[in-house]
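Please see the structure below; I have some questions.
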Amino acid sequence: MKEYNLTAKMRAYKWDELTDEQRAVLTVAKEQVERSYCPYSHFHVGAGLLLENGEIIRGCNQENAAYPSGLCAERTALFAAGAQYPEVPVKKLAIACFTGGHFTKEPGAPCGGCRQVMLESEHRYGAKMEVLLYGEEETYVFESAADLLPLTFVKENLIG
Ligand code: THU
């Protein structure tokens with residue numbers, strides 16, 4: 001038997017410690033909670049992407065009376081980017097969560113499905129995507145989406 005330890009690096013920043021570029025994409029994510037369509041959960045998630053060409057893409061969660069038909073904020077943004085700028089790598093992804101009349105104190109953690117989609121983007125473009133998770137007290141920063149999902153299912157796994 002062998003035991004493996006899977007580790008991930010994450011940094012926590014106060015707002016003032018972030019770069020202008022990081023604050024810009026986080027501000028988009030914060031603005032986007034207002035556009036969230038979440039009549040069932042009342043949990044607003046906003047997303048912002050910064051593409052390598054400087055374009056900003058906006059996303060937010062979209063719910064549905066048939067619950068599984070909805071989609072998370074991160075994926076609405078990543079799929080919009082893939083549809084509008086298929087050749088352009090995603091440089092940064094930011095999310096912010098708002099519920100009960102305020103942004104969450106602790107950053108929201110992307111669901112497993114969104115982590116898998118973020119990884120696909122990194123692999124597709126061969127470029128790291130920085131992930132920024134906004135919290136009222138601290139913002140968590142991951143240098144790469146890969147840090148959020150060790151032992152990822154990738155296209156090589158399809159070959160067996
Ligand atoms: N949600 C996101 O938009 N992103 C996540 O990573 C986690 C969850 C949304 C889905 C649903 O509309 C609401 O939050 C409650 O789960």
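All values derive from a computational prediction rather than experimental measurement. Indexing begins at 1, ligand by ligand and atom by atom, following the structure's order.
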May I ask you to check whether Pro110 has an N/O atom sitting below 3.5 Å from an N/O atom of ligand 1? no
Among all protein non-hydrogen atoms, which one is nearest to atom 8 (C) of ligand 1, and what is the separation to 0.1 Å? Cys72 SG, 4.0 Å
Check ion pair Glu31-Arg58 (N to O, under 4.0 angstrom):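 Salt bridge flag = yes for Arg58 with Glu31.
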Partner set under salt bridge (charged side-chain N to carboxylate O under 4.0 Å, His left out) for Arg35, not counting sequence neighbours: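 Checked Arg35 against salt bridge (charged side-chain N to carboxylate O under 4.0 Å, His left out); zero matches.
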Check for me whether Gly70 has a heavy atom closer than 4.0 Å to any atom of ligand 1. no
For ligand 1, which atoms sit closer than 4.0 Å to a heavy atom of Ser41?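 So the atoms of ligand 1 that pass are 13 (C), 15 (C).
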Exactly one of Ile95, Leu132, Ile57, Leu49 should register a side chain to side chain contact (heavy atoms under 4.5 Å, CB included) with Val25. Which one does? Leu132
Using a strict cut-off of 4.0 Å, indicate which atoms of ligand 1 neighbour a heavy atom of Phe43. 14 (O)
Please state which part of Glu74 comes within less than 4.0 Å of ligand 1, counting heavy atoms only: side chain, backbone, both or neither. side chain
What residue and atom, counting heavy atoms only, is the protein's closest point to atom 9 (C) of ligand 1, and at what distance?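 Nearest protein contact, heavy atoms only, for atom 9 (C) of ligand 1 is Asn61 ND2, 3.6 Å.
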Of all the atoms in ligand 1, which lie at a distance below 4.0 Å from a heavy atom belonging to Glu63?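 This gives 11 (C), 12 (O), 13 (C) as the contact atoms.
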State plainly whether the residues Lys128 and Glu122 are in salt-bridge range, i.e. N to O under 4.0 Å.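 Not counted as a salt bridge, because no side-chain N and carboxylate O are separated by less than 4.0 Å.
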What atoms of ligand 1 come closer than 4.0 angstrom to any heavy atom of Ala73?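 Atoms satisfying the 4.0 Å criterion: 2 (C), 3 (O).
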Can you check atom 16 (O) of ligand 1: any protein non-hydrogen atom closer than 4.0 Å?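 Within 4.0 Å: no protein heavy atom nearby.
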Does any donor atom in the side chain of Ser41 or Glu63 lie under 3.5 Å from an acceptor atom in the other side chain? yes
Is any side-chain N of the basic residue among Glu138 and Lys105 closer than 4.0 Å to the acidic one's carboxylate O?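 The answer is no: the pair does not qualify as a salt bridge.
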Checking Lys92 now: which residues fulfil salt bridge (charged side-chain N to carboxylate O under 4.0 Å, His left out) with it, not counting sequence neighbours?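 By the salt bridge (charged side-chain N to carboxylate O under 4.0 Å, His left out) rule, Lys92 matches Glu21, Glu130.
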